[in-house]
Amino acid sequence: MPGAVNLAALEPLPASELEGLTEEVARRLLGCTLVSRLGGAVTAGVIVETEAYGSDDPACHAFRGPTARNAAMFMAAGTLYVYRIYGVHHCANVVTGPAGVGEAVLIRALEPVRGHDAMRSRRGVEEDRMLCSGPGRLCAAMGIDVAANGSDLFTGPVTLLEAPAAPREVRVGPRVGVTKAADRQWRFCVAGSRYVSRK
DNA sequence: AGGATGATTCTCT
DNA sequence: GAGAATCATCCTT
């Protein structure tokens with residue numbers, strides 16, 4: 001039954017799950033749970049949509065080397081990279097490369113499983129489907145902003161829990177809103193999920 | 001110093 | 001489906 005997730009039964013995601021090609025990690029993160037303790041509320045959702053941003057990738061923020069904004073991308077795997085986009089929104093990424101390499105997985109959508117009231121309050125909408133179905137939406141719902149940039153996903157306010165099982169079917173396609181390397185099939189969605197940001 | 005550009009979202013038609 | 005909102009960041013003068 002979707003939504004019936006017992007967070008206490010899930011183990012923290014082992015660091016080894018973040019090793020390997022970034023596009024493989026992006027696929028592997030589907031089904032894992034993202035948990036936030038920011039802003040005095042516990043919110044959580046099962047990851048249903050991700051995108052990979054790797055090295056030698058013109059669409060990746062790290063492509064032209066380190067800057068003040070993308071510094072977290074060059075930290076160790078398991079770092080949270082948060083940036084602001086279009087002035088008002090935020091996007092959250094799981095850093096995946098070894099330290100010194102700028103790679104990350106953008107978390108694009110979650111199925112809410114905990115803290116629905118806090119999410120509704122922060123988002124200003126009622127429907128569960130509208131809470132976390134988009135990278136900016138899920139950050140708003142979980143209280144994630146640039147203050148959490150560079151935090152550690154194993155010890156920080158935002159953490160990852162293992163997937164109880166791999167998704168039965170995964171849909172693959174081009175990344176959303178990306179103009180460079182637009183042919184790269186690095187977007188991954190849980191097939192059939194109502195909570196992906198778009199079909 | 002100035003301008004173009006977004007890994008978006010919301011509203012309106 | 002199209003267009004506006006909105007501003008930090010980054011690249012070009």
Side-chain angles (χ1 to χ4, degrees), chain A residues 18 21-30 32 34 43 45 47-75 77 79-97 101-112 119-151 153 158 160 170-190 193-199:
Chain A
L18 300 179
L21 291 175
T22 300
E23 56 269 37
E24 291 177 353
V25 177
R27 183 186 287 262
R28 207 178 290 152
L29 285 176
L30 294 178
C32 295
L34 188 70
T43 50
I47 298 171
V48 296
E49 179 180 348
T50 60
E51 282 177 1
Y53 289 87
S55 56
D56 287 327
D57 175 10
C60 179
H61 287 171
F63 184 63
R64 294 173 191 274
T67 67
R69 176 178 71 157
N70 67 22
M73 279 190 106
F74 291 87
M75 297 174 74
T79 301
L80 183 67
Y81 167 48
V82 182
Y83 65 91
R84 179 177 266 215
I85 187 73
Y86 293 105
V88 291
H89 304 296
H90 297 275
C91 293
N93 302 253
V94 176
V95 174
T96 59
V101 176
E103 300 182 332
V105 173
L106 171 69
I107 308 301
R108 285 196 56 91
L110 309 173
E111 175 179 343
M119 291 185 179
R120 291 189 191 103
S121 172
R122 288 163 171 168
R123 289 272 300 120
V125 297
E126 287 299 310
E127 313 96 293
D128 287 359
R129 217 203 80 88
M130 287 293 108
L131 296 178
C132 298
S133 56
R137 290 169 175 171
L138 73 90
C139 281
M142 301 185 100
I144 297 173
D145 62 18
V146 290
N149 183 43
S151 65
L153 284 161
V158 179
L160 283 167
V170 174
R171 290 191 54 132
V172 179
R175 295 172 290 185
V176 174
V178 166
T179 55
K180 301 161 192 160
D183 57 313
R184 222 169 277 203
Q185 308 288 296
W186 277 4
R187 175 180 181 230
F188 304 91
C189 302
V190 173
S193 172
R194 300 169 49 239
Y195 298 92
V196 299
S197 65
R198 59 182 79 181
K199 68 173 183 182

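A note on names: the letters A, B, ... follow the listed sequences, proteins ahead of strands, and every chain is numbered from 1.
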Using a heavy-atom cut-off of 4.0 Å across all strands, would you classify A/R123 as base, sugar-phosphate, or nothing? sugar-phosphate
Verify the contact: side-chain N or O of A/R84 to OP1 or OP2 of B/dA7, cut-off strictly under 4.0 Å; return yes or no. no
Applying side chain to side chain contact (heavy atoms under 4.5 Å, CB included), run through A/L110 and A/L131 and close with a yes or a no. CA-CA 8 Å; A/L110 309 173; A/L131 296 178; over 6 Å; no
The answer to which of A/S133 and A/K180 contacts DNA chain B further toward the 5' end, by nearest nucleotide, is A/K180
Counting only side-chain N and O atoms of A/R69, is one of them less than 4.0 Å from OP1 or OP2 of C/dC7? no
So, for A/T22 and A/A104, which heavy atoms are closest and what is the spacing to 0.1 Å? CG2-O, 3.4 Å
Calculate the interatomic distance between A/R129 atom CZ and B/dT9 atom C1'; express it in whole Å. 13 Å
All pairs passing side chain to side chain donor-acceptor pair (under 3.5 Å) where residues 81-91 of chain A contributes a residue, at least two apart: A/H61-A/Y81
Per atom distances to the A/P135 side chain, the nearest of C/dC10, C/dT6, B/dT8 is B/dT8
Which nucleotide wins on minimum distance to the side chain of A/H61, given the candidates B/dG6, B/dT9, B/dA7? B/dA7
If you count heavy atoms of other groups shown closer than 6.0 angstrom to CZ of A/R123, is the number above 12? yes
Atom-pair distance (CZ on A/F63; C1' on C/dC11), nearest Å: 15 Å
Please report the closest heavy-atom contact between A/L138 and A/I107, naming both atoms and the distance. CD2-O, 3.3 Å
Nearest whole angstrom, please: distance from the C1' of C/dA2 to the CZ of A/R198. 13 Å
Is there a side chain to side chain contact (heavy atoms under 4.5 Å, CB included) between A/V178 and A/R187? Walk through the geometry before answering. CA-CA 11 Å; A/V178 166; A/R187 175 180 181 230; over 6 Å; no
I need the CD-P distance between A/E23 and B/dA7, as an integer number of Å. 19 Å
In terms of side-chain geometry, is the basic nitrogen of A/D57 or A/K180 positioned less than 4.0 Å from the acidic oxygen of its partner? no
How many Å lie between CZ on A/R64 and P on C/dC10, as a whole number? 11 Å
Specify the separation, in whole Å, of atom CD of A/E49 and atom P of B/dA7. 15 Å
For A/Y86 and C/dA5, are the ring centres under 5.5 Å apart with planes inclined under 30°? no
Atom pair distance, as rounded to whole Å: CG in A/N70 and C1' in B/dA7: 13 Å
Check the distance between B/dT8's P and A/R187's CZ and give it to me in whole angstrom. 10 Å
Looking for any heavy atom pair under 4.0 Å, which part of the strands does A/S197 touch: base, sugar-phosphate only, or nothing? nothing
Tell me, which stems hold DNA chain C, with a stem being 3 or more Watson-Crick or G-U pairs in a row and both distances under 3.5 Å? B:1-6 with C:7-12, B:8-12 with C:1-5
